[in-house]
Amino acid sequence: MEQLMLEMKNMTKAFNGITVLDSVNFSVKKGEVHALMGGNGAGKSTLMKILTGVYTKDSGDIFIEGKKVEINNPEDARKNYISMIFQEFSLIPTLTVAQNIFLTRESKTPLGLLNDKECISKTEELLKELGVDMNPNDLVENLGVGYWQMTEIAKALSQETKILIMDEPTSSLTKKETEVLFSFIEQLKSKGFSIIYISHRMEEIFEICDRITILRDGKYVTTEKCSETSLETVIQQIVGAAMDKAFEWQERPYSKTGTPVLEVRHLSSGTKLQNINFKIYAGEILGIAGLMGSGRSELVRAIFGIDSKDSGEIILNNKKQNIKNPTDAVNAGLALIPEDRRMQGLILDHSVKENIILPILSKVKKGQLINEAKANATAKTLVEKLNIKTDDIYKTAKLLSGGNQQKIVLAKWLANEPAVLLMDEPTIGVDIGAKTEIMEVIRELADNGKAILVISSELPELLALSDRVLIMHEGKIMKELKRKEIKTEEELEHAIQGY
Ligand code: ADP
Ligand code: MG
């Protein structure tokens, strides 16, 4: 039988009498990238914290290369060649790359002084071996997030490592940075490292992982080869029965007779948007479906005043608006939740609170000063309302998971009490738990009278939310479907593909 790099058998752990890991099995081969998946609270982090000696198990056995080991503290984990890249970076921004890598064990000169030269040359060697083009003397605070990650990985690998754990390594990376990380992971794999990869992003898992182990509510569900399972199966296994319910559509009552909250008339912008007309009523969720490049994002960008319009009218509650830029849009009562939250929705280096109150600064000001009590109360209320998982409102946004970052973007716009919410792929890249929560928030907002436009490439999501769906193709609205009349996902898929 093939030698396993790591085997964890019957791992059990309880906190305050509540079992959070119930006899979980998990194993990783040599030179394998193994995804550990599960919704929020499934037990992934706890299992990894046991492996890295942060928590101690209640029972169960751990084997490294077939040999039973005891891991009671981080030192034991390191002795067993286990390293972890934390989701929350452990780097000190004001130190250099080299200083960070050798932080806890800088080489000393014979007089006991720190030997910078040796740190630097060792770092140079390490980075070269890892194939990373970085300068050991750069201050970490001057580097992009992608390089923080690389520094973090180099730090982990600067000690002898066989098992490398990555917890949501791409949650704050751009597409480009993610690609760099992936080719790097391929290299590590070919060098025989075993990598445990925690992520909620399915496409990533299927791109770089060999096998997947799924946990749900502290229990082991299954281990599958990526090549032998499918996205749908994995989602089903992660959420179990809960998902069916979250994705169930129910007809929502709202009136379509009065004045629409938003009306768009004859909106055109080059070839990207051609004579777009639609209305959204209070309490209604309008879905926009279409292929990539069909003009969905362009539509909300034009409405919101980011892109210019050639012609057309935007009417809010019977009043014609002159929206020339996003500030006009916000003042008119619109909010846009953009597709790329890193680029447009969120300031990653700012705190949860700072992000949330940004659009309402003028409302929480007392003279020149910010009324901290009011700002804190607003931020806290929204954090609670949206169930944002953070230690407190002062935590830096980039330290939160993707799902929670997306909820901050939502909270930020809700603080301003908009009448219309334009949402471009509101749940992209978030885990299935956060996804169902965000969907619930969207429904609640509509129930409270907001007019909502949702663009989504995920048809189950579109079907779960929309009261009506507009199909876009080459900048035009081709068709309007009432949700009631759409029987299956295939029907919607056909409508989208049919041009
Ligand atoms: P995941 O990483 O899959 O989201 P976790 O391992 O973080 O899940 O959490 C599993 C469960 O254990 C959750 O219900 C969480 O609240 C609980 N938990 C984790 N750490 C602690 C702790 N230190 N004290 C009490 N409960 C904890
Ligand atoms: Mg976790």
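In listed order, ligands and their atoms are each counted from 1.
At the top of the distance list for atom 6 (O) of ligand 1, counting protein heavy atoms only, stands Thr46 OG1, 2.5 Å. Considering only non-hydrogen protein atoms, atom 10 (C) of ligand 1 sits nearest to Gly41 O, 3.4 Å. Of all protein heavy atoms, the one lying nearest to atom 27 (C) of ligand 1 is Phe15 CD1, 3.3 Å.
Residue Asn16 has no nitrogen or oxygen atom sitting less than 3.5 Å from a nitrogen or oxygen atom of ligand 1, judged on distance alone. Inclusion of Gly43 in the set of residues having an N or O under 3.5 Å from an N or O of ligand 1 is warranted.
Atoms of ligand 1 found under 4.0 Å from any heavy atom of Tyr55, numbered from 1 in the order shown, are 20 (N), 21 (C), 22 (C), 23 (N). Listed by atom number, the atoms of ligand 1 under 4.0 Å from Ser45 heavy atoms are 1 (P), 2 (O), 6 (O), 7 (O).
Using a 4.0 Å cut-off between heavy atoms, Val20 contacts ligand 1 through its side chain alone, with no backbone atom that close.
Among the atoms of Ser45, an N, O or S atom is found under 2.8 Å from the Mg ion (ligand 2).
Counting non-hydrogen atoms of neighbouring residues, nucleotides and ligands closer than 6.0 angstrom, the OH atom of Tyr81 reaches no more than 12 such neighbours. Heavy atoms from other residues, nucleotides or ligands lying under 6.0 Å from NZ of Lys67 number 12 at most. Counting heavy-atom neighbours within 6.0 Å of Lys189 NZ, excluding the residue itself, gives a total above 12.
Distance check on atom 21 (C) of ligand 1: some protein heavy atom falls below the 4.0 Å cut-off. Shown here, atom 8 (O) of ligand 1 is in close reach of the protein: a heavy atom of it lies under 4.0 Å off.
Between atom OG1 of residue Thr19 and atom NZ of residue Lys13 there is a gap of 11.0 Å, rounded to the nearest 0.5 Å. Distance check, rounded to the nearest 0.5 Å: OH of Tyr55 to OG1 of Thr46 gives 5.5 Å.
Smallest separation of non-hydrogen atoms from Ser456 and Glu425: CA-OE1, 3.5 Å.
Judged by distance alone, the side chain of Arg252 and the main-chain N or O of Gly283 form a donor-acceptor pair under 3.5 Å.
Distances shorter than 4.0 angstrom occur between a heavy atom of Gly39 and an atom of ligand 1.
Under a cutoff of 6.0 Å and an axis angle of 45°, Lys9 and Phe63 form a cation-pi pair.
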